[in-house]
Visitor: 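Could you have a look at this structure, given as structure tokens, before my questions?
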Amino acid sequence: MPSFGSDPIARATVMLYDDANKKWVAAGSGPQAFSRVQIYRSAGAPAFRVVGRKMQPDQQVVINCAIVKGLKYNQATPSFHQWRDARQVWGLSFGSREDAALFAAAMLQALEAL
């Protein structure tokens with residue numbers, strides 16, 4: 001069972017859907033790179049966030065998104081998953097199917113807890 005906390009859960013490229021141009025673009029600035037994407041649980045209350053930092057020296061935060069009750073998590077392909085928050089559509093292009101499966105299990109566990 002996946003754990004919540006500070007251990008890296010998955011390696012993925014964090015993407016945002018550009019509605020105007022109808023295409024996916026890499027989140028953050030600079031070259032597209034893999035990020036460590038984790039699900040954090042708030043102490044006490046059942047509240048969760050998806051946080052991702054680029055696996056580069058600057059460790060740029062490319063996603064910091066609340067997981068809200070009723071969020072629709074879509075496993076579009078075995079290695080690309082997506083969801084929408086109040087402002088945009090997020091996508092994760094995983095480095096492996098194993099990373100994707102682990103992250104999906106943690107996300108579904110978080111949604112169940114809400």
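Position 1 is the first residue of the sequence, and the numbers go up from there. The structure presented is a predicted model; accordingly, all values stated were derived computationally and were not measured.
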Visitor: Parallel, tilted or perpendicular, judged at 30° and 60°: which one describes the rings of Y73 and H81?
Guide: perpendicular

Visitor: Would you say that C65 contacts R49 through its side chain, given a criterion of any heavy-atom pair below 4.5 Å between the two side chains?
Guide: no

Visitor: Can a donor-acceptor pair be found, under 3.5 Å and without considering hydrogens, that links the side chain of K54 to the backbone of G28?
Guide: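 Checked: no pair found.
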
Visitor: Where is the tightest heavy-atom contact between D99 and A10, given as atom of each residue plus distance?
Guide: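 Nearest heavy atoms, D99 then A10: O-CB, 3.8 Å.
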
Visitor: Distance from Q82 atom CD to L16 atom CG, nearest 0.5 Å?
Guide: 12.0 Å

Visitor: Find out whether M107 and L111 are in side-chain contact, i.e. whether some heavy atom of one side chain is under 4.5 Å from a heavy atom of the other.
Guide: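 With C-beta onward as the side chain, the pair touches.
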
Visitor: Does any non-hydrogen side-chain atom of S35 lie less than 4.5 Å from one of Q60?
Guide: no

Visitor: Quick one: does NZ or CZ of R11 land under 6.0 Å from the six-membered ring centre of F34, within 45 degrees of the ring axis?
Guide: yes

Visitor: Quick one: CZ on F80 to CD on Q75, what's the gap to the nearest 0.5 Å?
Guide: 12.5 Å

Visitor: Donor-acceptor pair, distance only, cut-off 3.5 Å: does the side chain of N21 make one with the backbone of K23?
Guide: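 Judged by distance alone, no pair lies under 3.5 Å.
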
Visitor: Quick one, R84 and Y17 - any side-chain contact, counting heavy atoms below 4.5 Å?
Guide: no

Visitor: Using the rule side chain to side chain contact (heavy atoms under 4.5 Å, CB included), only one of N74, V89, I67, L92 pairs with W83; which is it?
Guide: L92

Visitor: Between R53 (side chain) and R36 (backbone), is there a donor-acceptor pair under 3.5 Å?
Guide: no

Visitor: Taking C-beta and beyond as the side chain, do I9 and V37 meet within less than 4.5 Å on heavy atoms?
Guide: no

Visitor: Heavy atoms, side chains only, cut-off 4.5 Å: are D18 and W24 in contact?
Guide: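 D18 does not reach W24 side chain to side chain.
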
Visitor: Below 4.5 Å, heavy atoms only, C-beta onward: do F48 and Y40 meet side chain to side chain?
Guide: no

Visitor: Whether the side chain of T77 engages the backbone of S79 through a donor-acceptor N/O pair (distance < 3.5 Å, no angle test) should be reported.
Guide: yes

